[in-house]
Asker: 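Below is the structure I would like to discuss, written out as structure tokens.
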Amino acid sequence: MSRAPVVRAMTAFAVIAISLFVALTMTPRLGLDLRGGTQIVLETKDSPTVKADAEATDRTLEVLRRRADALGVADAPLARSGERRIIVELPGVQDPTKAAEVIGKTAQLTFHPVIALADEATTPKKGEQIISDEDGAKLLVGPARLTGDGVEDAQAGTDPQQGSGWYVTVDLRDGGRKAWAELTGEAACNPVGDPKRRVAIVLDSKVIVSPQVNDGVACNVGLPGSSTQITGSFTAEEAGDLAVLIKGGSLPVPVEIVEQRTVGPTLGAAAIASSAQAAVIGVLLTALFIVVVYRLVGFLAAIALACYALISYAALVALGATLTLPGLAGFVLAIGMAVDANVLVFERAREEYASGPRLRPALEKGFRNAWSAVADSNITTLLAAGLLFFLASGPVRGFGVTLSIGVIASLVTAMVITRVLAEWAVTRRSVARRPALTGLAGIGRVRTWLNARKPGLMRHRTVYFVVTGVLVAVAVAGVAVRGVNFGVEFTGGRLVEYSTSVPITADAARELVGDAGFPNAVVQASDADISVRTGQIGAADLAKIEAALESGAGQITKERDELIGPSLGDELRRNAMIALAVALAAQLLYLAFRFRWTFGLATVLALVVDASIVVGAFAWLGKPVDGVFLAAMLTVIGYSVNDKVVVFDRVRELWGMRPRTPFAEVAETAILQTVPRTVNTGLGALFILAALAVLGGDSLTDFAVALLIGIVVGTLSSALVAAPLAIEFEKRGSAPPPQPPRKRASGVREGSGAVI
């Protein structure tokens, strides 16, 4: 008896046991879009003296880490992205304005002597500058005498017994003590109340505090100790903020906020709940579908799907991957796509049973013969997922991670777990006596009908090309007439979403925002939800919009706030185009290597058709084209290639066995043989997508709509575009038909092999 089934069974048991242990003992790491909080992306800039390279960015990151810690955010994740980008995550922080003011202060912290009060006639000399103090008065200050590098720590404190109110204690490093003593000693030589007795502490070209030197400090002696105290009529919050800014010290290079995202905790909780509902409903419908179609082996595949979900979740948790909202959608979608490998195997097993009615051999041949198509289709999906990870940004990268894990997990479950369960089941005597119970004893009604009718699809190639041309023309017209509604992620600007206590129409909300001074803002409303999209606006302008909305919509709650800088928007848009181009090129190269150039070129041209129709549909519908849409497009490309690989894999197999048969006839036969797999796989994914479209919220609804259109179009284009194109290309090709796969020669022995 072969040991392979035992090895597969032990492997399956070990994988499931480990996954169950991980799932029960570890918790997932949720992205900010699911748990709420603020994410800020900073980009370092060159200063007159320092170049913003990776080393300077790392030093800047450490300063920012101290500032984030001082904000009271526990374990705030900070990471360098590339050479100049720093990603700061602040869980639970819902006020992005305050976070940006503290985290993103760009200039050096400097200490200046005050020369005099300034007016319009004051002309600063070399090294001097005129800036406003904390009360708005103009000060003429001299060159910086001390920088933030000389500050070691700063803390807010109070002494209730002495009634001195709040103060800030500043601890100085060795290098800053002498400079501080000299600066305060010179200021002490001036009479009390004289502006020259003040010291200006400046950050970001603004005076954060300009205290007077105490009258007890001696002239030219100053404050020589390692610690000094700044007192005043501070509130607890003012003293705390001042301590944070001083303690943060100097950034080695200036930084600029290029992206900012804030998500309310209620929105994240709603997203998790809706995605969970979509997952449960979609998986139940998918499981019910495959049980109806494939009976016993379908039921076993449904059990394997549950194992697949467990393995994927455990892998995500074990790898420490951040689960984002698009990532959650990818996890749910991958469950539907995992049906594909099972369907491929079962359809091949049905064919093998029809040629030789024995369950166990038919099932084994089904797994063996389907492996080529399963491997090729999953590799092409991994290519799309990898491009998402390397070229996308923000939460969309999480979709690439979950999709990659899902593809690998589907291979494990389909080729190991499903195989163990199915092979065990078909060897039972009760099952062997009732082969119809397994779902493998017939080729199915659709296949039977097609074999009887023989519709001759490839005779109408010209009609398919004309219809395809018309659809592409309509799509291009949509882009030309309606334009592409690029999201704020690609154009730069600000997108804010609110929930209101009083429902308001889109026209009324648009009028309120226009009266606030933003007539060009894009305002959309749905029941008690309002979204406002504008150009680059600051906190003051945003406050005007919120005040205007509150006047007509009652109390409003900010659910989401995204700010994308123009440079980042250009970069993301450029990366999106590169990602799509590279995806098509990668698929062409892989298919040309795996099959032949005619198949690869036909597939890529069909993919261009698929992508054009999806983009055109979004243009006509006015839906946003953003990072989530990019994820959907690359998934459509991966799925569409998956479908075409299955068709051409069957074409290659049939043509190798019948090299003298006209290629058009071979392609026709291959399409008819793969229709059940195509339809069943598509329906499995459509159940999940329909659930996401209904329950997934606005962003996931658009994601699901793009995939629904893409899967339908991609499925049709496999038979009606890619195959006819391959026929036309083969007419102009000179390569011979592929060789049939060589069968391994089995050893022949004489007698029983027994010896005495």
Side-chain angles (χ1 to χ4, degrees), residues 330 333-334 336-341 343-344 370-391 399-400 403-404 406-408 410-411 468 579-615 630-653 667 670-671 674-675 677-679 681-682 684-686 689 706-726 729:
L333 175 63
M337 296 181 71
V339 177
D340 180 56
V343 171
L344 275 171
W371 170 248
S372 175
V374 170
D376 286 332
S377 60
N378 280 278
I379 288 173
T380 54
T381 305
L382 282 174
L383 284 173
L387 288 172
L388 271 175
F389 180 79
F390 288 108
L391 294 177
F399 176 81
L403 189 60
S404 300
V407 167
I408 296 171
S410 69
L411 283 174
T468 300
L580 291 176
V582 172
L584 294 174
Q587 310 293 4
L588 173 60
L589 290 175
Y590 179 78
L591 292 171
F593 168 77
R594 194 69 178 84
F595 296 102
R596 49 207 289 141
W597 72 266
T598 53
F599 294 2
L601 183 58
T603 297
V604 170
L605 290 178
L607 289 179
V608 172
V609 171
D610 300 342
S612 301
I613 292 176
V614 175
V615 173
L630 171 62
M633 280 300 303
L634 288 177
T635 306
V636 166
I637 289 175
Y639 181 89
S640 185
V641 171
N642 183 324
D643 195 60
K644 292 163 180 58
V645 161
V646 172
V647 173
F648 284 129
D649 184 75
R650 185 61 61 91
V651 169
R652 179 179 57 183
E653 180 183 345
I671 290 171
T674 54
V675 161
R677 173 264 163 197
T678 299
V679 172
T681 299
L686 291 180
L689 292 173
L707 279 176
L708 284 169
I709 297 173
I711 286 177
V712 172
V713 172
T715 300
L716 293 175
S717 70
S718 298
L720 307 181
V721 179
L725 283 174
F729 293 152

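Keep in mind it's a predicted model, so treat the numbers as computed, not measured.
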Asker: Nearest 0.5 Å please: distance from the CD1 atom of Ile711 over to the CG atom of Leu686.
Answerer: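 So the CD1 of Ile711 and the CG of Leu686 are separated by 5.5 Å.
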Asker: Check Ala602 against Phe648 and note the closest heavy-atom contact, atom names and distance.
Answerer: CB-CZ, 4.4 Å
Asker: Could you tell me whether the side chain of Trp371 reaches within less than 4.5 Å of the side chain of Leu411, counting heavy atoms only?
Answerer: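 Side-chain contact under 4.5 Å: yes.
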Asker: Identify every side-chain donor-acceptor pair in residues 717-725 under 3.5 Å, counting partners at least two apart or on other chains, and give the distances.
Answerer:
{"unit_1": "Ser717", "atom_1": "OG", "unit_2": "Asp610", "atom_2": "OD1", "d": "3.0"}
{"unit_1": "Ser717", "atom_1": "OG", "unit_2": "Asp610", "atom_2": "OD2", "d": "3.3"}
{"unit_1": "Ser717", "atom_1": "OG", "unit_2": "Lys644", "atom_2": "NZ", "d": "2.8"}
{"unit_1": "Ser717", "atom_1": "OG", "unit_2": "Val713", "atom_2": "O", "d": "3.3"}
{"unit_1": "Ser717", "atom_1": "OG", "unit_2": "Gly714", "atom_2": "O", "d": "3.0"}
{"unit_1": "Ser718", "atom_1": "OG", "unit_2": "Asp643", "atom_2": "OD2", "d": "2.5"}
{"unit_1": "Ser718", "atom_1": "OG", "unit_2": "Lys644", "atom_2": "NZ", "d": "3.2"}
{"unit_1": "Ser718", "atom_1": "OG", "unit_2": "Gly714", "atom_2": "O", "d": "3.0"}

Asker: Which residues pass the side-chain hydrogen bond (donor to acceptor under 3.5 Å, both in side chains) test with Arg596, sequence neighbours left out?
Answerer: Glu730
Asker: So, do Val712 and Leu708 sit near enough that their side-chain heavy atoms are less than 4.5 Å apart?
Answerer: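 SC-SC contact between Val712 and Leu708 ruled out.
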Asker: Any chance you could measure Leu607, atom CG, to Thr603, atom OG1, to the nearest 0.5 Å?
Answerer: 6.5 Å
Asker: Among residues at least two apart in sequence or on other chains, which ones pass side-chain hydrogen bond (donor to acceptor under 3.5 Å, both in side chains) with Thr674?
Answerer: none
